[in-house]
Visitor: 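First the structure, then my questions, so here it is.
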Amino acid sequence: MTVDLNSDLGEGFGRWSLGDDARMLEIVSSANIACGFHAGDPVGIRETVRGAVASGVTIGAHVGYRDLAGFGRRNMDVASADLVADVIYQIGALQAITRAEGGEVTYVKPHGALYNTIAHDERQARDVVEAVAAVDARLVLLGLPGSVVLREAEARGLPTATEAFADRAYTPEGALVSRREPGSVLHDAEDIARRMVTLVTEGTVTAIDGSIVAVRADSLCVHGDSPGATDMAARVRAALTEAGIGIESFAPTLGGSGLAPASGSVVSS
């Protein structure tokens with residue numbers, strides 16, 4: 001049994017640093033690297049990419065709304081033409097930096113408000129899928145289990161993978177508790193580690209109201225900007241390893257830069 005461990009990285013900007021990317025890259029198997037719209041600047045993004053390539057960590061494009069001031073966490077009603085172009089632009093920028101460092105981008109994970117919106121908004125979900133397909137139909141789209149965007153991606157023939165969040169609380173319906181609500185972000189590393197072992201081995205997680213929710217995921221995310229994020233990620237990885245669960249990326253290498261026909265989901269959701 002294996003599972004991927006991912007984190008959102010490359011989110012510093014100018015003189016402001018955010019998270020310990022170098023240490024996190026020693027822990028995770030996949031790095032969702034900011035593309036400059038919600039966070040990140042070219043120098044910082046390149047440094048994070050270089051570290052990921054050196055560490056053998058799989059690289060994904062962490063695309064978001066054009067919202068530096070709000071860190072991509074503000075809901076936006078973006079026109080389809082703009083959203084498609086923005087996502088294409090972000091993936092392309094990260095691809096260029098990654099190729100310059102001898103690596104490749106193999107998956108796409110939307111960020112923040114965009115991630116949450118396309119879990120239920122059909123129009124924006126289709127826009128994101130269209131953008132990913134236009135760049136490279138082999139790129140894996142990572143999202144919430146049961147989300148509209150993964151349904152749209154699968155209908156389009158794109159490979160998909162499902163994700164759970166180690167440091168976020170869940171509603172009884174299996175959605176993430178809004179960051180505006182108390183208790184939405186978890187901080188107890190030991191409790192988080194136990195939750196993730198249960199999620200991987202049993203396919204369930206305890207919701208914020210104490211109920212048990214079915215959540216099956218190919219990848220587990222620890223947010224890189226959370227307090228104590230690296231210690232938390234290290235504890236989660238250690239607990240998974242102690243339970244006999246291997247850490248392995250969900251996204252296969254592409255082995256080239258050209259377009260290729262999509263081959264369907266790489267995993268069963």
Side-chain angles (χ1 to χ4, degrees), residues 3-9 11 16 18-21 23-24 27-28 30 32 34 38-39 62 64-65 67 69-76 109-121 142-150 161-240 242-243 245 269:
V3 71
D4 176 63
L5 191 59
N6 78 71
S7 189
D8 304 340
L9 304 178
E11 294 182 323
W16 291 277
L18 186 65
D20 186 347
D21 287 5
R23 187 180 174 208
M24 191 66 86
I27 302 167
V28 299
S30 295
N32 321 309
H38 80 275
H62 202 29
Y65 289 132
D67 182 28
F71 197 65
R73 287 178 175 162
R74 297 184 291 192
N75 293 328
M76 294 188 170
K109 175 188 169 180
H111 164 81
L114 177 60
Y115 185 99
N116 292 328
T117 296
I118 60 179
H120 60 81
D121 186 296
L142 179 62
L144 282 177
S147 60
V148 169
V149 70
L150 292 192
T162 56
E163 177 182 41
F165 289 83
D167 51 0
R168 293 292 304 278
Y170 280 80
T171 69
E173 294 74 34
L176 297 179
V177 174
S178 169
R179 284 182 178 269
R180 294 186 294 271
E181 300 296 326
S184 62
V185 179
L186 310 179
H187 302 286
D188 187 322
E190 290 299 326
D191 179 59
I192 289 170
R194 286 192 295 270
R195 283 167 61 90
M196 291 303 96
V197 170
T198 299
L199 189 150
V200 175
T201 58
E202 301 179 15
T204 63
V205 68
T206 302
I208 196 167
D209 67 348
S211 61
I212 303 300
V213 183
V215 178
R216 294 193 177 275
D218 309 298
S219 185
L220 309 177
C221 176
V222 176
H223 286 97
D225 63 322
S226 299
T230 54
D231 290 339
M232 184 185 302
R235 184 66 198 104
V236 169
R237 178 166 186 140
L240 292 169
E242 291 162 6
I245 301 165
S269 305

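Just so you know, these numbers use all the heavy atoms, side chains as well, and skip hydrogens, waters and symmetry mates. These numbers come from a predicted model, not from an experiment.
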Visitor: Which pair of heavy atoms, one from Leu199 and one from Ala164, lies closest together, and at what distance?
Guide: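 Taking every non-hydrogen atom into account, CD1-CB, 3.6 Å.
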Visitor: Measure the shortest side-chain to side-chain distance between Pro110 and Ile118 over non-hydrogen atoms and say whether it is less than 4.5 angstrom.
Guide: yes
Visitor: When rounded to the nearest 0.5 angstrom, what is the spacing between CG in Asp231 and CG in Asp20?
Guide: 9.5 Å
Visitor: With rounding to the nearest 0.5 Å, note down the distance linking CZ in Arg194 to CG in Asp188.
Guide: 6.5 Å
Visitor: To the nearest 0.5 Å, what is the distance between NE2 (His62) and CG (Asp8)?
Guide: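 Between atom NE2 of His62 and atom CG of Asp8 there are 3.5 Å.
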Visitor: Please report the shortest heavy-atom distance between Leu144 and Ala119, naming the atom on each side.
Guide: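 Answer, listing the atom of Leu144 first, then Ala119: CD1-CB, 4.3 Å.
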Visitor: Of all heavy-atom pairs between Ala243 and Val197, which one has the smallest distance, and what is that distance?
Guide: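 That closest heavy-atom pairing would be CB-CG1, 3.9 Å.
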Visitor: Indicate yes or no for a side-chain donor-acceptor contact from Thr162 to the backbone of Arg216 under 3.5 Å, with no hydrogens or angles considered.
Guide: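 Confirmed, Thr162 side chain pairs with Arg216 backbone.
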Visitor: Side chains of Thr198 and Thr204: closer than 4.5 Å at any heavy-atom pair?
Guide: yes
Visitor: Would Val185 and Arg168 satisfy side chain to side chain contact (heavy atoms under 4.5 Å, CB included), going step by step from the backbone distance to the final call?
Guide: CA-CA 5 Å; Val185 179; Arg168 293 292 304 278; 4.1 Å; yes
Visitor: Has the side chain of Ser211 got a donor or acceptor atom that lies under 3.5 Å from a matching backbone atom of Ala207?
Guide: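 Not confirmed, Ser211 side chain does not pair with Ala207 backbone.
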Visitor: Can you tell me how far the OH atom of Tyr115 sits from the CG atom of Leu142, to the nearest 0.5 Å?
Guide: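 Here the rounded value is 5.5 Å.
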Visitor: May I ask you to decide if Ile27's main-chain N or O and Arg237's side chain share a donor-acceptor pair within less than 3.5 Å?
Guide: yes
Visitor: Hey, are the side chains of Leu176 and Thr171 touching, using non-hydrogen atoms and a 4.5 Å cut-off?
Guide: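 Sidechains of Thr171 and Leu176: no contact.
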Visitor: Of all heavy-atom pairs between Gly183 and Ala169, which one has the smallest distance, and what is that distance?
Guide: O-CB, 3.3 Å
Visitor: Treating Asp67 as the side-chain partner and His38 as the backbone partner, does any N or O pair qualify as donor plus acceptor under 3.5 Å?
Guide: no
Visitor: So if I apply the side chain to side chain contact (heavy atoms under 4.5 Å, CB included) rule between Leu220 and each of Arg195, Glu163, Met196, which one comes out positive?
Guide: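 Among Arg195, Glu163, Met196, the one that satisfies the side chain to side chain contact (heavy atoms under 4.5 Å, CB included) with Leu220 is Met196.
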Visitor: Return the OH to CD1 distance between Tyr170 and Ile208, rounded to the nearest 0.5 Å.
Guide: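 Result: 12.5 Å between the selected atoms.
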Visitor: What is the minimum heavy-atom distance between Lys109 and Phe165, and which atoms define it?
Guide: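 Here Lys109 and Phe165 meet closest at NZ-CE2, 3.8 Å.
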Visitor: Which atom names give the shortest non-hydrogen contact between Asn75 and Ala113, and what distance separates them?
Guide: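 Scanning both residues, the minimum pair turns out to be OD1-CB, 3.6 Å.
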Visitor: Step by step, would you call Asn6 with Val28 a side chain to side chain contact (heavy atoms under 4.5 Å, CB included)?
Guide: CA-CA 5 Å; Asn6 78 71; Val28 299; 5.7 Å; no
Visitor: Are any non-hydrogen side-chain atoms of Ile212 and Thr206 less than 4.5 angstrom apart?
Guide: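 Sidechains of Thr206 and Ile212: in contact.
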Visitor: Would you check if the side chain of Asp167 reaches a backbone N or O of His223 as a donor-acceptor pair within less than 3.5 Å?
Guide: yes
Visitor: Can you tell me if Ser7 uses its side chain to pair, donor with acceptor, with the backbone of Val222 under 3.5 Å?
Guide: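 Yes; judged by distance alone, with no hydrogens or angles, the pair exists.
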Visitor: Report the distance from atom OG of Ser30 to atom CG of Leu9, rounding to the nearest 0.5 Å.
Guide: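 Result: 10.5 Å between the selected atoms.
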